[in-house]
Every structure is written in structure tokens, then in C-alpha cells.
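Here the structure comes first, spelled out in C-alpha cells, and everything after it is commentary.
The sequence lines fix the lettering, A, B, ..., with proteins before strands; numbering per chain opens at 1. The figures here come from the full heavy-atom set of this structure, side chains too, leaving out hydrogens, waters and symmetry mates.
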Amino acid sequence: MDKILRIDMGAEGGPKSTETGMGDYAGFGGRGLTSAIVSKEVPPLCHALGADNKFVIAPGLLSGTAAAMSGRLSVGCKSPLTGGIKESNAGGQAAQTLARLGYAGIVLEGIPKDDNSYKIFINSDGATISVDNSLKMLKNYDVVEKMKEAHGDKIVCMSIGPAGEMKMCSATVAVTDMELRPTRHCGRGGVGAVMGSKGVKVIVLDDTGKKTRVAKDDAKFKAANKEFVAGLQKHAVTGEALPAYGTSVLTNIMNEVGGYPTRNFSNGQFEGASKISGETQAQIETERGGKATHGCHRGCVIKCSGTWNDKDGNFLTKQPEYETVWAHGGNCGIDDLDKIAIMDRMDDEYGLDTIEMGASIAVAMEAGLLEFGDADGAIKLIDEVGKGTHLGRILGGGAAATGKAFGVVRVPVVKGQAIPAYDPRAVQGIGVTYATSPMGADHTAGYAITANVLKVGGDVDPLKPDGQIELSRNLQIATAAIDATGMCLFIAFAILDQPETFQALVDIIGGINGTDFTADDVTEIGKAILVMERDFNERAGFTKQDDRLPKYFYTEKLAPHNAVFTVKDEDLDQVFNW
Amino acid sequence: MPDLSDKPDKSVEIEIDPSKIPLFNDLLQSGFMVNTKSGDSIEKFLCDRIGLDPNYVIERIKTVFLDGRPVDKLDIAVLHDGSKLTLSGGMPGLVGMTLGRGSVLASFRSSITYRGDAGVKEGGNASVNIKLFNLVMKDLGGIFLTHGINVMRSAITDLVGQIQGNVMGIKLDGNAIEPGKLDNLLAKLETVDGWIGLSISTGQKG
């Protein structure tokens with residue numbers, strides 16, 4: 001994984017590709033590489049859909065090896081939704097395949113001089129860029145079917161749906177899973193719009209003939225990987241709860257604690273929560289012949305995904321994730337899992353961020369376009385987005401755009417990106433991360449290993465509210481580092497509870513590189529990434545005023561705890577003070 | 001044996017195969033009532049009243065809420081009449097981890113953490129609402145159902161309708177009845193505020 005493929009989509013005479021070595025980017029992977037390239041090469045004040053923005057795809061440092069859980073892919077650019085730097089992450093098969101093909105990154109540059117729809121095919125012979133206008137405005141599943149007809153079923157696809165072609169700020173990049181379905185998405189921040197601005201409809205990867213990457217210290221790597229897998233499988237969260245119930249296992253819990261944003265963040269509890277819980281979802285899936293336990297990429301041993309069949313037992317969509325079930329469910333007052341599954345499928349087809357879409361629809365409900373709880377109405381709105389009607393283009397622009405268009409005050413966004421499924425008035429610490437992450441409101445930005453494991457900033461007293469700032473800082477550092485490796489963030493639970501599993505991860509990284517790798521190295525990687533991202537955002541015009549939650553979170557009490565967000569601005573400004 | 005004193009006047013016993021206990025999952029996650037004594041700590045309730053192994057409580061019941069507030073120490077969190085107790089396994093995600101018992105991330109939710117209740121009077125009878133989620137629902141659902149819970153009358157008639165084909169027998173106050181007649185009989189019963197006792201038996205013929 002020692003080369004970068006650069007494709008100038010705006011070159012004279014048509015798109016041109018070159019391959020280079022890693023150069024200054026040696027040792028970077030995943031979010032580390034995407035943020036390094038974007039922060040160094042993209043003018044922060046450029047238009048996100050213009051020629052100067054770059055679209056960077058990067059597997060993680062461990063992707064393409066036999067390391068368990070290492071199939072996460074990073075996509076980076078300047079975000080058309082937030083105006084800041086963006087790294088958007090997905091599972092699926094692309095990271096493993098790209099890495100085996102030897103690519104640490106793909107960079108799309110420039111803007112095509114024509115209106116064609118481009119396909120990029122990459123295999124062991126290199127990259128071929130061709131025009132295929134028969135793909136224009138196809139939904140993602142149809143794109144994949146055509147690619148299968150053309151290239152066989154051993155491929156992996158990264159594609160945009162109509163939303164990306166229409167350059168909507170909610171547009172995603174779809175990545176195919178092990179069943180060659182476009183169910184995993186680089187969802188947040190409108191990255192699909194940037195791929196669309198480059199004229200690229202689909203990237204097809206075929207690693208036939210390529211082998212798994214070998215570790216430099218293979219004995220160390222294998223021993224560590226075995227220990228790592230054992231640790232994941234014996235832990236109750238990664239070995240039982242997630243495989244059995246998926247991420248929607250959080251629905252009942254968040255609802256019970258009063259942190260489940262309901263009806264556009266107007267309440268912290270939803271009366272229909274048990275109908276759309278992970279427990280109910282798993283039961284129905286099993287009864288209908290779907291799978292409640294399923295991995296999104298080869299090498300995943302947690303298997304938190306699943307498949308949802310309709311009432312007739314036919315595949316409809318992948319098991320909707322917690323965020324999707326919340327966004328289209330409780331946040332819109334909807335308690336029908338079948339309708340939510342239909343919306344999930346539509347989001348996958350049109351290539352839409354389920355969080356942003358659910359938030360936009362909830363804002364539209366608050367504006368009175370339709371009633372909270374109107375599932376059929378919500379389905380019609382997603383259809384409008386996919387078809388690019390005038391209303392659809394407003395909703396597809398995201399929750400902030402929808403709020404502006406309809407004069408809604410209560411719009412739950414930070415840096416323009418919709419807040420996910422945890423109300424920060426109930427769990428204040430997540431609000432610290434929402435406010436300060438360079439990514440905008442992001443529930444995955446402050447994850448993984450805690451300060452007390454990494455000893456970054458010393459030991460933190462968990463009972464003191466003040467500890468939230470240090471913890472958020474340390475979590476963001478650790479998460480950035482994990483995002484660079486290609487590892488799935490769900491490894492965090494086993495690592496937190498089981499020091500031997502954390503050590504196994506560190507040894508895996510060391511084994512791949514043939515070096516001694518330590519927890520301090522993890523910290524340094526994470527800090528470096530965050531420094532680059534913060535620097536880009538500052539040059540893009542962001543100030544500390546952008547590291548805040550919407551005003552109403554500070555004043556509007558959230559039932560049942562009647563809580564408001566109380567973390568002081570001056571404390572938020574300390575998160576990146578190290 | 002569990003100590004569930006002061007049962008409601010009326011009780012329903014459903015005979016069912018143990019493999020069909022998941023049919024009660026809606027009920028278990030929506031909530032049911034159990035009687036105990038006011039002032040019982042959660043630890044005492046689970047280990048002494050319900051009879052759970054203390055190691056199970058420590059190792060598996062990793063997320064506990066009392067009246068919607070995360071609990072860190074089970075021995076100082078006390079139950080009273082009307083308490084709402086939620087039991088769950090460990091949870092994924094940053095926020096899921098935050099809500100766990102004794103979490104190192106507890107500061108993230110310090111504003112809603114359970115801190116004790118000095119006003120609870122010890123000794124009187126207490127009805128506690130219990131919700132079981134995820135792995136704990138799977139582990140403990142059968143235990144609570146076997147020893148008896150209290151539910152609203154309507155919950156039982158809804159339940160029988162849903163599990164009809166899997167019911168091997170029904171007794172109302174110890175007398176065997178046809179499942180199809182349960183609804184009418186329940187409608188005519190005098191109860192205390194609509195509460196009925198519900199328990200299951202698993203295949204033992206009397």
C-alpha cells in the first residue's frame with residue numbers, strides 16, 4: 001500500500017491518471033491521509049463543489065491485512081455541508097480491496113469540462129476512466145447491477161446516487177458490502193456531492209490476483225491478531241449484544257435515560273421506542289428469515305449488521321442502524337419499523353445521509369409541511385429529494401437549509417451538520433464533542449479509548465463535571481488515531497475493559513510495520529490529525545463561535561430531566577488546548 | 001425463592017414451552033410491576049428478593065437506571081413505591097459506554113446521574129416498575145415470569161392473543177380455563193386498579 005492514484009478530472013483532452021509514491025504522506029492512512037492531503041492541498045476558501053476541492057479516498061493503515069475489524073474506509077474533502085474539513089467513514093469491502101491493490105489513496109482533482117458521467121475501473125493493471133452516460137441518475141442498486149453485468153461479481157463498487165449527481169449537501173458515497181449491495185455509506189457532510197462535482201458516478205475495484213498484505217513481523221502480527229479476536233469475542237458488548245441486536249440496542253436505553261431526541265429534539269423520550277428497539281428489530285428479522293447477525297466487511301468478527309426482509313420474506317434493506325431508526329423514527333414521531341426500513345432503502349438508493357435526511361424531515365414537520373408521525377408523508381418527501389423537485393432540493397440540502405427555507409428556529413445542527421441520536425442536554429459530554437469536533441456534530445468523533453487507558457492528560461475523576469473537557473479531548477485524539485488505522489470504532493469496548501486486548505491492537509500495528517508501537521504513538525497520530533483539521537478550519541474562516549451548540553440547547557429544558565446544556569463556552573474553548 | 005408479597009387479587013398462569021419465552025419480549029421491555037419492600041437497595045432486591053447470583057449482577061447487568069438516572073453503585077441506590085428500574089447489559093457507542101455502571105466516562109452524564117434518595121422510608125410495601133433490555137431480557141425474562149409479575153389486565157389479553165398458538169394451558173386463580181374465554185372472564189373480574197398477577201410455567205403437568 002505504497003502508492004497514490006491521482007486522477008485529474010479536468011485535464012485537457014479528458015481525465016488523466018498518474019500514480020505516485022507516498023512522498024510526504026508516507027506513514028499516513030485512513031483519516032490521517034485524507035486530512036493530510038485536504039489540509040495541505042485544498043485551498044480552505046475554495047468552493048466545495050469547485051475545481052480546487054479534492055476528493056480523497058483512503059483505506060486504513062491496517063486495511064488489506066488479515067487484521068480483524070480493519071475494513072473501514074475514509075473519504076475526505078472540504079465539505080459542502082459544513083464548509084470545513086470532512087472525513088466520512090464507511091464499512092463495506094472497498095478498504096480491503098483498495099489496500100490489496102496497493103493503493104494508500106485515490107485523489108480526484110479538478111472538474112470535468114463536459115457533462116459526462118464517468119466510471120473509473122481499477123484492477124491490478126491500473127486505472128481505466130471511461131464515459132458511461134447510461135449510468136446517469138441511476139439509483140445505487142441499479143448502478144451495481146450494471147457493474148456486475150459488465151465486470152462480474154468479484155468487484156466492489158463505490159458509487160453515488162441521484163443525490164450526489166445533483167450535488168446535494170446530504171449526498172453520500174455508497175460502498176458495497178460482502179453481498180455486493182450498496183448498503184454501507186460514507187454518510188456525513190455531503191461527500192457524495194463532491195464526488196458528483198468531479199463527474200464520477202462509480203469507482204469499480206477488482207483485486208483478482210492480489211493477495212492479503214503481509215505483516216513485516218508476521219509472527220508478532222498473527223499472535224496479536226489471535227489475542228485481539230479472542231478479546232472481542234469474549235466481551236459481552238462486542239461478542240454478544242452487538243451481534244444479537246445491532247446498534248439499535250441503544251434505542252431502549254437512550255429512551256429510558258431521557259436522551260432520545262424525539263420530534264425534532266423537543267423531548268427526550270418517545271412513547272413508541274419499544275416498537276422500534278433493537279430487541280424488536282432482531283425478533284422481526286429472525287421471524288422473517290432475515291439475519292440479525294451479519295458483518296459489513298470481510299474480517300469483521302463483531303457482526304453488528306443484519307438484513308431486513310419485508311412481510312413476505314423478501315430482502316428489502318440492510319438492518320437499519322440506530323441512527324437511521326432514530327432519524328426516521330423517533331425524531332419524526334414514527335414507530336413503524338417497516339416504514340423506517342423503506343426509508344432506509346430509499347436513502348441507500350438515492351445516496352442520502354440518513355441522519356441528515358431524518359433531521360431535515362423533522363424540521364419540515366416542525367414547519368408544518370406534514371404531521372409528526374406521518375410515515376407515508378416522510379416517504380414521499382424522500383422521493384421528492386431523489387427526484388430533485390424544488391422541495392426535494394431544499395430538503396436534500398440538509399436540516400439547516402430546510403430550517404432557513406421554512407423559517408424554523410429550532411434546527412439541531414453544529415457547523416451546519418445535523419446532530420445525531422443523543423441529546424446533549426441529557427448527556428452533556430457528547431455535547432462537548434458535537435460542539436468542538438472539526439467535523440461538525442458527530443457522534444463518532446469522540447470515541448474509543450479513554451484517558452485512563454492512554455494516560456493522556458493524566459487520570460480523570462469520572463464524577464467531576466469538569467472531567468468532560470479533558471475526556472472529550474482525549475477521546476477525539478484516540479478516535480482520530482483509530483480512524484487512521486481502518487479499524488472499526490466498535491473495538492473500543494473490548495479495549496476499554498480488557499487491557500490485554502488493547503495491547504493486542506498496539507502489537508498488531510507494530511507487527512504490520514515491523515516496529516515497536518506504543519500507546520503514546522497512538523496519541524501522537526491522533527493529535528497530528530486533529531491539529532491539521534483544526535488548522536484547515538481556521539483558515540476556512542471558522543472561529544470559536546462555531547464550536548457551540550444551537551442556542552436553544554442552552555435554554556429550552558428537555559423532559560424528563562428538564563435539563564439544558566450547561567458546559568461553559570470558555571470550557572469548550574479548552575478542548576484543544578494541549 | 002423470590003419474595004413477592006402482596007400479590008394482586010387475581011392471577012393468571014400461562015403454561016408454555018421455555019423456547020417460547022421470547023414471545024413475552026414486548027412485555028418485558030415495556031415494563032411490568034414487581035412487589036418488594038421500600039428502602040431495598042437494588043443489590044438487595046436483585047440478589048435477595050429475586051435470588052440472582054451476585055456475580056451475575058456484577059458481570060452482566062452493566063447498565064442500570066433508577067427513575068431514568070444512571071446508577072453507579074447498586075448498594076446505595078434504593079427502591080421506593082413507584083420506582084422505575086431498568087436493567088441492561090453493557091452498551092456500545094460513546095454514549096452507551098457513558099451510561100454504564102461505574103463508567104470512566106461518567107462525568108459526561110453527571111447532571112443526570114442517580115445520587116441517592118434520602119427521603120425513602122424503609123419497610124413498607126413497594127411496587128416497582130421493571131424493564132428488561134437486550135441480553136438481560138434474554139437472561140432474566142424467564143426468571144421473572146416464572147416467579148410472577150404484575151401487569152395491567154389489558155396487557156394479558158393482548159398477550160394471549162399474540163401467543164395463542166403456543167399456549168399449552170391457562171389457569172385463572174388456579175382454575176384451568178380455555179384461552180378463548182380468558183378475555184371475557186378478565187373483563188368481569190374485580191381487581192385492584194386493573195392489575196393482574198402473571199406467571200408462567202414451563203411444561204410441568206399437575
Engaged part of [X] at the chain A interface, taking heavy atoms whose separation is under 4.5 Å:
| X | answer |
| --- | --- |
| B:L99 | side chain |
| B:F65 | side chain |
| B:K62 | neither |

task: Sequence neighbours left out, what passes ring pair (Phe, Tyr, Trp, His ring centres under 6.0 Å) with A:F553? Give chain and number order.
output: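 For A:F553, the residues satisfying ring pair (Phe, Tyr, Trp, His ring centres under 6.0 Å) (neighbours in sequence not counted) are A:F265.
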Quick check: do [X] and [Y] have side-chain heavy atoms less than 4.5 Å from each other?
| X | Y | answer |
| --- | --- | --- |
| B:M91 | A:V237 | no |
| B:R69 | A:H561 | yes |
| A:T280 | B:Q29 | yes |

**OP:** Output the distance between atom CG (B:L27) and atom OG (A:S274), rounded to the nearest 0.5 Å.
**Re:**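 That separation rounds to 10.5 Å.
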Distance col, row B:L94:CG vs A:Q476:CD, nearest 0.5 angstrom, shows 10.0 Å
task: Going by the side-chain contact (heavy atoms from CB on, under 4.5 Å) test, name the single residue among A:L475, A:V427, A:I430 that passes it with B:L105.
output: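 That would be A:L475.
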Which region of A:Q283, side chain (C-beta onward) or backbone (N, CA, C, O), has a non-hydrogen atom less than 4.5 Å from a non-hydrogen atom of chain B, or is it both or neither?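 For A:Q283, side-chain heavy atoms alone lie under 4.5 Å from chain B.
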Among residues 240-256 of chain A, those lying within the under-4.5 Å heavy-atom range of chain B are A:E240, A:A241, A:L242, A:Y245, A:V249, A:L250, A:N252, A:I253, A:M254, A:E256
Among B:M137, B:R60, B:E59, the residue with the most heavy-atom pairs under 4.5 Å to chain A is B:R60
Margin query: Counting heavy-atom pairs under 4.5 Å with chain B, which one of A:A426, A:A563, A:G258 comes out on top?
Written below: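 Heavy-atom pairs under 4.5 Å are most numerous for A:A426.
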(request) Determine whether more than 12 heavy atoms belonging to other residues, nucleotides or ligands lie under 6.0 Å from atom NZ of A:K303. (result) yes
